[in-house]
Amino acid sequence: MPESELITDQDRLHLRRALELAERGRGRVSPNPLVGSVLARAGEIIGEGHHAELGGPHAEVAAIADCRRRGADPSGATMYVTLEPCAHHGRQPPCTEAIVAAGIARVVVASDDPSEKANGRGPGVLRDEGIAVELAEGAEAAAARRLNQAFRKHARTGRPLVVFKSALSLDGKVATAAGESKWISGAQSRALVHRWRADLDAVVVGVETALADDPLLTARDVEAPVGQAPRQPVRVVFDSQARLPIDSALVGSIDQARLVVVAGSDAPAARTAALQDAGAELIVVDGTGTAQVPAALAELGRREIASVLLEGGPTLAGSFHDAGEVDELRLFIAPIVLGGVGDRAPIEGEGATGIDEAQRALAVDWDRIGDDLLVTARLREW
């Protein structure tokens, strides 16, 4: 979308504020997108809003309501919104109806909505009603698209965004030859992972990790809105033969968070039945390893899971990578050196046969987290 020549520096300032507001819905609105909105007149903000919870008012409606709570009149104002306003009925009425009814004169949109129900319809409806619609580009538009990578991939492919997380030593190892990996990263890094679990829709591990560590995979010691418990991710275990024990921590905590087991079609019926009787959800897909990944992700997508945190281990990570389904890497590099020929790398599988076949990141960022270095690499842009 070419940017309108009418976008001003003041417009960009208000869009950046709308992006800040959108972040407030993180971990609360999926599979809906994160959206923020600002109403302004003569450069002054007269209303703000964001999509705060799934099924609740959209950002545009929230901004109009905030404007009126302040005693201001939204008619004739400019609305800034991080995603094109919807023109269809869903969990809420169309935002275009609220914008028209409020008498808003101009709408500045940071990014498109690629879902089939939207895809430009909202701006078209507003223009038909005589409302000026400006489409931003540049830094604010790029930030708006990055904000909703999970929503955008889910809308375009039906599959969730896959974020792979791992902790490794300076020499690139995630475990010793004996399998010891606790704890490579520091306490602050581990706390951040719990925040990610609360923000994303699901956590994914392989059955070997589940058997070795007996993890809960819940989000713990995470701040939540006043009066609410932290949002818990769906726990997903790739377990071809349904070996996950009934007395495991994952099965024993189903009352705290959903558990999904991805099993092969040849898994013993008695084991799959026992897991289901215990409350686990079952996804049955043909094949093993890489062959299972696309079909399993498609089924998770159908269950409105738009993002997953892939936590382990190297074998499963290799299967996801070989299937072309890793969208982002988040790697904690700890200030230790393991050495040893039998130590494990974070991603196994077949991989590239030559350097020229290696996947190159689109963008790489890094942050200091305690004593660790967090490297974030975006592999795909949606």
Side-chain angles (χ1 to χ4, degrees), residues 1-8 10-12 14-15 17-19 21-22 25 29-41 45-68 72-138 140-145 147-148 151-156 158 306 382:
M1 299 184 300
E3 181 179 59
S4 167
E5 296 179 357
L6 300 178
I7 299 291
T8 67
Q10 186 72 61
D11 292 333
R12 296 183 187 283
H14 291 321
L15 283 176
R17 175 56 181 164
L19 287 163
L21 293 167
V29 301
S30 183
N32 281 1
L34 297 166
V35 186
S37 181
V38 167
L39 273 171
R41 179 183 289 109
I45 292 177
I46 59 173
E48 294 184 335
H50 68 284
H51 187 30
E53 60 181 346
L54 187 65
H58 289 182
E60 299 93 323
V61 174
I64 292 168
D66 181 56
C67 175
R68 289 175 172 147
D73 182 0
S75 64
T78 295
M79 171 172 280
Y80 300 86
V81 63
T82 57
L83 188 78
E84 68 176 72
C86 64
H88 59 273
H89 284 269
R91 293 181 174 90
Q92 289 285 315
C95 291
T96 50
E97 292 181 358
I99 293 169
V100 172
I104 290 166
R106 178 174 177 255
V107 177
V108 180
V109 178
S111 70
D112 65 308
D113 180 341
S115 61
E116 187 176 351
K117 292 181 291 187
N119 202 20
R121 287 186 59 219
V125 168
L126 295 178
R127 288 185 177 114
D128 288 345
E129 293 290 338
I131 297 172
V133 179
E134 316 292 352
L135 305 176
E137 251 310 331
E140 291 75 24
R145 291 192 295 270
L147 180 73
N148 278 310
F151 170 75
R152 296 177 73 84
K153 182 182 180 184
H154 189 246
R156 287 177 165 169
W382 297 98

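Each residue takes its place number in the sequence, starting with 1.
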Is a side-chain donor or acceptor of Ser111 paired with a backbone partner of Thr82 at a separation under 3.5 angstrom?
yes
Would you give the length of the straight line joining atom OG1 of Thr78 to atom CD1 of Ile45, rounded to the nearest 0.5 angstrom?
12.0 Å
Considering residues at least two apart in sequence or located in another chain, which fulfil the salt bridge (charged side-chain N to carboxylate O under 4.0 Å, His left out) criterion with Arg41?
none
Between Glu60 and Cys86, which heavy-atom pair has the shortest distance, and what is it?
OE2-N, 4.4 Å
side-chain hydrogen bond (donor to acceptor under 3.5 Å, both in side chains) pairs, two or more places apart, involving residues 91-110
Asp11-Arg106, Arg91-Glu304
Using a 3.5 Å distance criterion without hydrogens, assess whether the side chain of Glu84 forms a donor-acceptor pair with backbone atoms of Gly120.
yes
Output for pair (Ile64 CD1, Ile46 CD1), nearest 0.5 Å, gives 10.0 Å
How long is the span from the CZ atom in Arg17 to the CD atom in Glu48, to the nearest 0.5 Å?
4.0 Å
Which residue is it: Val109, Ile104, Leu126? I am looking for the one with a side chain to side chain contact (heavy atoms under 4.5 Å, CB included) to Met79.
Ile104
Closest contact, heavy atoms only, Leu54 versus Ser30:
CD2-O, 3.6 Å
Strictly below 4.0 Å, N to O, side chains only: are Glu137 and Arg145 in salt-bridge contact?
yes
Side-chain atoms of residues 32-39: list all donor-acceptor pairs with protein atoms under 3.5 Å, sequence neighbours left out, distances to 0.1 Å.
from	atom 1	to	atom 2	distance (Å)
Asn32	ND2	His51	NE2	3.2
Ser37	OG	Tyr80	O	3.1

Closest non-hydrogen atom pair between Leu147 and Ala22, with its separation:
CD2-CB, 3.6 Å
Return the set of residues passing side chain to side chain contact (heavy atoms under 4.5 Å, CB included) with Ala65 (not counting sequence neighbours), or none when no residue passes.
Arg69
Where do Ala40 and Ala77 come nearest, in terms of heavy atoms and distance?
O-CB, 3.5 Å
Taking all non-hydrogen atoms of both residues into account, name the closest pair between Ala136 and Leu15 and its distance.
CB-CD1, 3.7 Å
Residues in side chain to side chain contact (heavy atoms under 4.5 Å, CB included) contact with Ala62, at least two apart in sequence or another chain:
none
Which atom names give the shortest non-hydrogen contact between Val61 and Pro57, and what distance separates them?
CG1-CB, 4.3 Å
Residue list, side chain to side chain contact (heavy atoms under 4.5 Å, CB included) with Ser115, at least two apart or on another chain:
Asp113, Ala118, Phe151, Ala155
Considering only NZ, NE, NH1 and NH2 on the basic side and carboxylate oxygens on the acidic side, decide whether Asp112 and Arg152 come within less than 4.0 Å.
yes
Give a yes or no answer on whether the side chain of Arg127 reaches the backbone of Val133 with a donor-acceptor pair at less than 3.5 Å.
yes
